[in-house]
Amino acid sequence: MNDDKHINESNQTDTTQELKIIENDHPINTKPNLSKDPTRTLPKQATIMHLIDTLLKEPYILYNHVKRNDLHTHLSKLILIFTVCVFAYGIIVGSFSGQIQWISAPLKIFFGTCLTVLLCFPSLYILSSLSGTDLRPTQMFALLCGSLAIIGILLIGFAPIAFVFTFSINALPFMGTIHLLVWGVSLYFGLHWLTNGIAELGSGNTQMIRIWAVILLVTLLQMSTTLRPILGQSDILLTAEKKFFLAYWFDLLS
Amino acid sequence: MIRQKTTNNWEAIVREICRAQTLRPWLDSDSGKLPVCLMLIIIGGALYGASLGIWRSPLQAVFVAIKFPLLLLLTAFGTSLINGMLAQLLRAQMNFYQSLLAVLMSFALLAILLASFTPLIFFLVWHLPAMDSSGQVDAHRIFLLVNVAVIAFSGTLANLQLYHMLKQICGTRSRQILIAWLGMNLFLGAQLSWNLRPFFGTPGLPVTFLRDNPFDGSFYEAVFILIQRSVL
């Protein structure tokens with residue numbers, strides 16, 4: 001009787017452990033945890049493909065680098081990933097109208113995103129410090145570069161879909177909506193990566209970072225309006241008329 | 001090497017002010033905390049002040065870069081005596097100097113926060129219709145609204161941080177002390193901002209450091225007259 005009880009208890013423990021393993025391996029529960037292996041790092045000679053793999057599957061390795069303040073060895077690669085991916089996606093955006101947009105759309109998207117991130121960086125640093133993160137500005141910048149690389153990778157992932165829509169859709173507002181959706185999803189995952197990193201390296205309070213994400217989003221939308229036309233046809237490179245993005249969208253839809 | 005050390009210290013000070021958990025010992029061990037707060041208020045306030053005045057004209061930006069930190073400092077020092085007294089009346093374990101340092105810390109945090117939003121305010125100014133254009137009235141209104149939101153957000157965060165620090169020192173009395181200090185700071189701050197106006201620069205009025213007769217009238221009289229005219 002006692003043996004039966006022991007076996008039952010043992011089975012129950014096994015099942016619980018099994019469940020825990022399944023839980024940890026489940027893609028939804030991939031919250032990075034430095035305690036997994038805080039010593040794991042990327043070799044200096046890691047290839048770009050290796051870095052992309054780590055960004056997507058094992059972000060905590062990069063968080064380890066940020067914690068040690070030695071991500072600068074891979075920083076140039078992260079920036080390169082973002083640059084190449086955004087330029088490639090920009091070419092697809094430009095292909096909707098062709099002509100000058102083949103060149104101007106990628107340039108505008110790349111420089112517009114970089115300028116927006118630089119404008120919002122001081123507020124990110126102060127708001128993350130307020131939420132209890134003890135990171136130096138260089139560490140925060142490295143973390144931000146990682147999240148930009150994620151955004152770039154996802155944009156490339158969406159590129160074939162956007163390409164198909166580019167040659168199917170004729171109406172500018174619909175094409176604009178598709179691109180906004182693609183950017184929205186990519187931004188969501190990029191910011192999620194950043195928020196997770198800040199939570200892992202700081203106090204775990206990410207409320208301020210969510211507020212910052214709204215500020216970044218509004219600034220990005222305004223930047224896209226400032227640098228218009230990005231998608232539509234035009235003889236001019238930039239519009240002199242100043243407009244808020246909401247007013248511009250209403251005008252476009254009406 | 002020395003330069004790097006100084007930079008690291010400044011970074012560490014900014015991060016320390018941003019974290020409420022570490023503020024209690026920060027207030028106890030005085031090793032040049034007052035000049036640090038003053039420097040942060042002056043630099044942060046000047047940066048944000050410049051962004052406030054730049055829409056009107058570059059000269060207005062220079063004027064407001066001087067006036068904005070001045071407003072913060074005059075408010076903090078003007079209320080330091082009564083704030084210290086109120087803290088002691090409400091049985092806070094703080095002396096006059098510490099209560100001044102606590103208020104200055106929250107103002108320094110406000111200045112840091114406002115300074116961190118300065119690039120975004122410049123970005124907004126870049127998008128606003130120019131001062132001499134037909135849309136100047138709308139632009140002035142939008143600029144006012146956005147800055148009120150930014151100041152309100154930063155002010156709330158700075159006061160929350162002050163509240164967390166007071167909670168570590170005074171426990172249950174912290175809320176009363178915060179409300180008393182806030183009341184004093186707002187009471188004097190509103191009047192000083194009236195005396196030191198213009199900050200944003202009203203379209204149509206000339207650019208000046210102070211209005212003609214800056215000490216003629218008060219903020220509260222103006223509000224009273226406004227209510228009187230609206231109701232009666």
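Lettering of chains follows the sequences in order, A, B, ..., and the numbering in each one begins at 1. Just so you know, these numbers use all the heavy atoms, side chains as well, and skip hydrogens, waters and symmetry mates.
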**OP:** Give, as side chain, backbone, both or neither, the part of A/L124 having an atom under 4.5 angstrom from any heavy atom of chain B.
**Re:** neither

Subject >> chain A contact via B/L128 - which portion, at a heavy-atom distance below 4.5 Å >> reply: both

Subject >> Exercise: do A/R136 and A/Y125 side chains pair donor with acceptor under 3.5 Å >> reply: no

Original post:
Is it the backbone or the side chain of A/F121 that comes under 4.5 Å from a heavy atom of chain B, or both, or neither?
Top reply: neither

Original post:
In terms of heavy-atom contacts, does OH of A/Y188 have more than 12 from other residues, nucleotides or ligands at under 6.0 Å?
Top reply: no

Original post:
For A/M223, is it the side chain, the backbone, both or neither that has a heavy atom under 4.5 Å from a heavy atom of chain B?
Top reply: both

**OP:** Answer with yes or no whether the side chains of A/S104 and A/Q101 bring together a donor and an acceptor at under 3.5 Å.
**Re:** yes

**OP:** Establish, yes or no, whether a centroid distance under 6.0 Å links the rings of B/F68 and B/Y48.
**Re:** yes

Original post:
Parallel, tilted or perpendicular: which describes the rings of A/H192 and A/F189, with under 30° parallel and over 60° perpendicular?
Top reply: perpendicular

Original post:
By a 4.5 Å heavy-atom criterion (distance strictly below it), what part of B/F122 contacts chain A: side chain, backbone, both, or neither?
Top reply: neither

**OP:** Answer yes or no for A/R228 and A/Y248: cation-pi contact, defined as NZ/CZ to six-membered ring centre under 6.0 Å and angle to ring axis within 45°.
**Re:** yes

Original post:
For chain A, which of B/V14, B/L113, B/L109 has the most heavy-atom pairs under 4.5 Å?
Top reply: B/L113

Original post:
Given a strict heavy-atom distance threshold of 4.5 Å, which part of A/L135 is in contact with chain B: side chain, backbone, both, or neither?
Top reply: backbone

Original post:
chain A: which of B/A115, B/P129, B/P119 shares the most heavy-atom pairs with it under 4.5 Å?
Top reply: B/P119

